[in-house]
**Student:** 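I am attaching a structure below and will ask some questions about it afterwards.
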Amino acid sequence: MPGAALLLALAAPAAAPAVEIVLAPHATRGTVDTLAVTLRFRGVTAAAGMPVLRLPLVASNVDTVARSITTMDARDARGAVTLRARDVDLPVAAARDAEAGGPSREWIADRAIDGPLTVRYAFPVASDLPVRGSGPPFAFRTDDAAVSGAGHVFLALPPGDIGYRTTIAWDLSALPSGARGVSSLGEGRRTAAEPLTAGQIRMGFFMAGRVATWPATPPATGFFSALQGTPPFDGPALMRWTGTLYGHYSRFFRQKSPPPYGVFLRFNPINAGGGVGLYHSFVATYGRPGGPGSDPEELQFTLAHEMFHTFQPFIEQPAGLESSWFGEGLATFYQRRLPLRFGMVTPAAFLTDLNTHAARYYTSAKATAPNRDIAPNFWRDTRLRTLPYDRGMLYFADLDDKVRKASGGKRSLDDLMFAMLALRGPTTNADWEALLRRELGERAVTDFRAFLDGAMPLPASDAFGPCFRRVAKPLRRFEPGFDGAILATPDRIVAGVVPGSAVAQAGLRDGDAIVTWTPQDYLQGEQTALMKLTIKRDGRIFPLEYLPRGETVDAWQWERIPGTPDTGCAL
């Protein structure tokens, strides 16, 4: 398909491209069950037989609503327009710390579009478990008289990179009294300060219904947060902490006029405690009491990580997960470095977070897998999925230490990061190598290429500051005891149970169906955490739990140096 055929042409200069998106959730007995979308476009045209709208079928391993949209009502200045659906496979593209492209659905016009275009469609929403297993919290969840989801999974928008003057509006008339609508642009009807492309619009988050916000009235610019449900901790206190950290980030990244910035918090039954960065916003998730995502101190680091994504540079070529070592590794490094520097976490909390990631990496059976293996297996193998975070973080810690020591403390990883931010155009590994070569010489480039090939980073004992030193500790490898890839399949039928493993001794059999499970990403870093499964066998549903650990290996950890004052720990 010719690339030019995918682009919408601009209309007359007087009709600047614009879109108004009106979201109308509908509730039955207090539960939101349907979302209707109205799109009002101005200033675009499409020839007959060309795609007018597009929506991925899967966004970063999360099914979208593309298949749930059965009809689209479209009208322009000449009247009704028939839109016919077809499926295409598009190149994968980077969408900050997510992916775009891949298998997608397009809607084709039966005739040329003439004048302003209005499109209406609706789809059901629910809180079913994701059929593909782990993925970012994009999918719609309807819990606690509210609904939320990312634009990635429901906004059918034109192909191409045209910037639209974008307005988000809500019709809450079919929700109970007191319902609120909040998006990444703020509460209620909001127009973005700058034109947004379809990709940027999709990277927004949307929450409506019984929603709490902090501050109580979200400001027109700067930080705000929205909360769906009731977490097992003081949600407003955590949001206040996040707002303070946002102020520090804004100054650190030299923002003169901070744009609206939203943090969304909601329940996650699959990978609680995780999150994903979006456009001028991010979503973080909490879990059930006592489980993953229930500790507010741990969530502080998730929030620090996801908010960092909004400010940081990314490597855009190669696109997608192949470059996640950079985006995720950098964010994992800074998620504790900056809060400690700003006095917002204690050295003890810093150390706990560092050692969780270090333990997960240095005990992993996949620790030396090459970077090229990550993208095709990212959603199939939890041990590969966490490598960009853990191995990437340790690479950056080692690099930061080398830059500091080579420059006598005058320079650090901060300087390389800001240099990447200053580059124009799609950034590449070659751009990063050029910075390394200029900073540390050809050896740094050789080390970087070895890292991509799977070499194990080992930061110096004092790489994390004067309060901490490196020590070896015996830790047990994560071992699920069955083929973990089945958790990314719709039916989750167990295969590959290892004879004699802990899960085999607990009673799991090949052919069982797994209904629910403890997030594996979390389990890898927690030596004593149990895997809790709900199993379906012969029509019977029952619980099963075990310690998913195998052989003991020597792993690197860091410990506090006795007698060092807290005030001198930050770098």
Side-chain angles (χ1 to χ4, degrees), residues 21-39 55 62-73 119-132 135 137-156 168-184 186-189 204-214 216-218 225-233 235-236 239 262 264-272 283-289 291 293-294 490 515-516 534 536 541:
I21 301 170
V22 182
L23 305 178
H26 175 275
T28 300
R29 293 188 294 277
T31 299
V32 181
D33 52 17
T34 307
L35 182 69
V37 179
T38 300
L39 307 171
L55 180 62
V62 178
D63 284 318
T64 75
V65 305
R67 292 187 176 89
S68 301
I69 300 172
T70 55
T71 59
M72 280 192 171
D73 177 76
V119 179
R120 294 182 172 86
Y121 62 92
F123 53 88
V125 296
S127 292
D128 299 331
L129 288 176
V131 297
R132 298 175 186 273
F138 289 163
F140 273 97
R141 284 205 62 80
T142 173
D143 302 299
D144 298 290
V147 66
S148 59
H152 284 291
V153 299
F154 78 97
L155 284 178
I168 304 296
W170 297 89
D171 176 358
L172 305 177
S173 58
L175 294 187
S177 177
R180 306 168 71 181
V182 185
S183 72
S184 295
E187 183 173 11
R189 183 183 180 88
F205 201 73
F206 305 84
M207 184 178 284
R210 189 167 63 195
V211 175
T213 59
W214 189 91
T217 301
S225 62
L227 171 64
Q228 176 181 349
T230 306
F233 50 79
M239 292 298 97
F264 297 85
L265 187 62
R266 73 175 191 182
F267 176 71
N268 187 351
I270 291 294
N271 201 18
V283 56
T285 62
Y286 62 87
R288 296 181 176 87
S294 64
V515 180
T516 64
T534 303
K536 184 176 182 180
I541 295 178

**Student:** For R210, which residues count as a salt bridge (charged side-chain N to carboxylate O under 4.0 Å, His left out) partner, sequence neighbours excluded?
**Tutor:** none
**Student:** Residues in side-chain hydrogen bond (donor to acceptor under 3.5 Å, both in side chains) with S294, at least two apart?
**Tutor:** none
**Student:** Applying side-chain hydrogen bond (donor to acceptor under 3.5 Å, both in side chains), name anything that partners T534, two or more places apart in sequence or on another chain.
**Tutor:** T516
**Student:** For the atom pair CZ (F233) and CG (L265), what is the distance rounded to the nearest 0.5 Å?
**Tutor:** 5.0 Å
**Student:** Once side chain to side chain contact (heavy atoms under 4.5 Å, CB included) is applied, do any residues pair with R120, and if so which ones, sequence neighbours excluded?
**Tutor:**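 Listed in chain order: T38, R40, D73, T118.
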**Student:** Where is the tightest heavy-atom contact between T34 and A122, given as atom of each residue plus distance?
**Tutor:**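 Heavy atoms only, the tightest pair is CG2-CB, 4.3 Å.
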**Student:** My understanding is that only residues two or more places apart in sequence, or in another chain, count here; which of them pass side-chain hydrogen bond (donor to acceptor under 3.5 Å, both in side chains) with S148?
**Tutor:** Q228, R266
**Student:** Of all residues at least two apart in sequence or in a different chain, which pass the side chain to side chain contact (heavy atoms under 4.5 Å, CB included) check with A150?
**Tutor:** F138, H152, F205
**Student:** Got a sec, which residues hit side-chain hydrogen bond (donor to acceptor under 3.5 Å, both in side chains) with T70, two or more places apart in sequence or on another chain?
**Tutor:** none
**Student:** How many angstroms lie between CG in D144 and CG in L227, if you round to the nearest 0.5 Å?
**Tutor:**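 Result: 9.0 Å between the selected atoms.
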**Student:** Could you tell me which non-hydrogen atom of G229 sits nearest to which non-hydrogen atom of P231, and how far apart they are?
**Tutor:**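 Smallest heavy-atom distance, with atoms named: O-CD, 3.7 Å.
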**Student:** Has Y121 got a side-chain atom pairing as donor or acceptor with A156's backbone, closer than 3.5 angstrom?
**Tutor:**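 Pair found, side chain donor or acceptor close to backbone of A156.
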**Student:** Show the nearest heavy-atom pair for residues W170 and G188, with the distance to one decimal.
**Tutor:**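 Scanning both residues completely, I find the closest heavy atoms to be CD1-O, 3.7 Å.
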**Student:** Nearest 0.5 Å, what's the CZ-CD1 distance between R189 and I21?
**Tutor:** 11.5 Å
**Student:** Applying side chain to side chain contact (heavy atoms under 4.5 Å, CB included), name anything that partners P218, two or more places apart in sequence or on another chain.
**Tutor:** R180, E187, T213, F224
**Student:** Return the minimal non-hydrogen interatomic distance between V65 and L55, and the atom names on each side.
**Tutor:** CG2-CD2, 4.1 Å
**Student:** Name each donor-acceptor pair under 3.5 Å that joins a side chain in residues 22-32 to protein atoms two or more places apart or in another chain, with its distance.
**Tutor:**
unit_1 : atom_1 : unit_2 : atom_2 : d
H26    : ND1    : D33    : OD1    : 3.1
T28    : OG1    : D33    : OD2    : 2.5

**Student:** If you compare all heavy atoms of A179 against all heavy atoms of L172, which two are closest, and at what distance to 0.1 Å?
**Tutor:**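 Heavy atoms of A179 and L172 come nearest at O-CD1, 3.5 Å.
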**Student:** Looking only at heavy atoms, which two atoms of A146 and V211 are closest? And how far apart?
**Tutor:** CB-CG2, 4.3 Å
**Student:** Out of curiosity, F123 CZ to T71 OG1, how far, rounded to the nearest 0.5 Å?
**Tutor:** 12.5 Å
**Student:** Can you list everything that forms a ring pair (Phe, Tyr, Trp, His ring centres under 6.0 Å) with F206? Sequence neighbours excluded, please.
**Tutor:** F154
